2 protein chains.
Amino acid sequence: MSQSQSELLPRRRSIDTRKRLLDLAEQQVLAKGFVATSIEELVAGVGITKSGFFYHFKDKNDLARALLERHIVRERELLDDLFRRADELNDDPLHGFLVALRLFAEMMAALPEAHPGCIAATLCYQDQLFDRTIHELNAQSVLSWRVRFRERFARIVAAYPPAEPVDLDALADMMSTLIEGGLVMGRALRDPSILPRQVLLFRDFVRLTFRP
Amino acid sequence: MSQSQSELLPRRRSIDTRKRLLDLAEQQVLAKGFVATSIEELVAGVGITKSGFFYHFKDKNDLARALLERHIVRERELLDDLFRRADELNDDPLHGFLVALRLFAEMMAALPEAHPGCIAATLCYQDQLFDRTIHELNAQSVLSWRVRFRERFARIVAAYPPAEPVDLDALADMMSTLIEGGLVMGRALRDPSILPRQVLLFRDFVRLTFRP
DNA sequence: GACGTTACTGTACCATAGGTAAAGCTCGTC
DNA sequence: GACGAGCTTTACCTATGGTACAGTAACGTC
């Protein structure tokens, strides 16, 4: 998917310059947005020159793409891990899901400050500044959440047929929707508790919907 | 709250230049974000010069503030109207609320294209570019939604005591959260149906929570 | 009809940021 | 010792936000 960069062993001095650029960029983008993060600021922070930046990234769009790709991978790993842990503790699909949601809410609540926002959402609102690949990566990531949750809900429905018909796609999207919205809200009100509380409300909704 | 501009009758030629600037700016900001919207582009579209822009707005931050103030007023009027219409049809607080949510979902679904996004969220994700007034306006607007909905829920709770305790503040915030998140999602997937479907899910949640 | 105000235009200019082009240097590996 | 990765140095171009200020046409007021 990305360059062959990671396969070959990186050589030579300051092997991690690219990674340090990405780390600093991520931190600054989450704190103040992509546009407000200047290339000059990044290279100064990392201790290289502007030309050095353009050696690693074709342009600022390329930096955005790299940030987003890294974010998507991490996010997937985090969810995989979460559901694996929840399923280890539970055979029942509904119960396992509720446990995963609780774990997730606790993770969100434990984040140091108000989590400043999801890279995806940050880029999404400025995606006209970027090329199509950014938008497609974003869409693909959101869809993978939908697929993941819908599959869980299919198993839950099999075990706990709901009393009334449920829009499973929408229910799956609700999780992503509440997260993205919760980040916006948390940012607007400078209140980090909003996101975890919304996740717990979603958990209540799932519980009510599939209650035996 | 804002300038004394609207009280005095506007005089002279092209009385509506400022409004036309705001209209075009709103359209462009929703379509491609605030930073991607250039002042030159706005003045060209409206048929004035750059100096003319800075006559009306101190700087770009001032434009953002004016856009946000206008947006907040319209949003409040829209909600007032919606609830008034729903309450006219219903005496019961729960029923009226459910009707209002359905009306709202229908309104969102009827929007021409994917609604490109809420001005507030758009600015929220770039609010480090602006001064504190932008952030405060945003927070105040979100809080007004919370107050409005919490008050409705208080009346509903009185009529329909829920089986288990409910976090009314979080439930009130859920509406804003789903709207902001739904706009992000709709934009990411280019699917205008996501937001109305989320609103209808929220409606189901409220119904389940307070069912007799 | 003079006068002041509003709503601009015109000109000139500055700083910052993204971006390009190309030559050179330096360290580690083969 | 050659080669290439990972930069540095220098120079320069463009777009955009923003400032400063002088001038001017239309209009309302007295």
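Everything numeric in this text was worked out from a predicted model, so none of it was measured. The chains referred to below are lettered A, B, ... by the order of the sequence lines, with proteins before strands, and numbering in each begins at 1.
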Sugar-phosphate or base contact per nucleotide [nucleotides 16-24 of chain C; S, B, -; heavy atom under 4.0 Å]: --BBBB---
Return the value, rounded to whole Å, for the distance between atom [atom1] of [X] and atom [atom2] of [N].
X       : N      : atom1 : atom2 : answer
B:Asp62 : D:dT19 : CG    : P     : 11 Å
B:Leu63 : D:dG17 : CG    : C1'   : 12 Å
B:Phe57 : C:dA7  : CZ    : P     : 12 Å
A:Ile48 : D:dG6  : CD1   : P     : 12 Å

Pair listing, ring pair (Phe, Tyr, Trp, His ring centres under 6.0 Å) test, anchored in residues 172-206 of chain B, at least two apart: A:Phe205-B:Phe205
A:Phe97 versus A:Arg152, closest heavy-atom pair with distance: N-NH2, 3.8 Å
Contact summary for B:Leu30 and B:Arg187, nearest pair of heavy atoms: O-NH2, 2.6 Å
Taking 4.0 Å as the cut-off, does a side-chain nitrogen or oxygen of [X] come that near to OP1 or OP2 on [N]?
X       : N     : answer
A:Thr17 : D:dC7 : yes
B:His56 : C:dC8 : yes
B:Tyr55 : C:dA7 : yes

Partners meeting side chain to side chain contact (heavy atoms under 4.5 Å, CB included) with B:Ser144 (sequence neighbours left out): none
Atom CZ of B:Arg84 with >12 non-hydrogen neighbours under 6.0 angstrom: yes
From A:Cys124 atom SG to A:Ile119 atom CD1, the distance as rounded to the nearest 0.5 Å: 12.5 Å
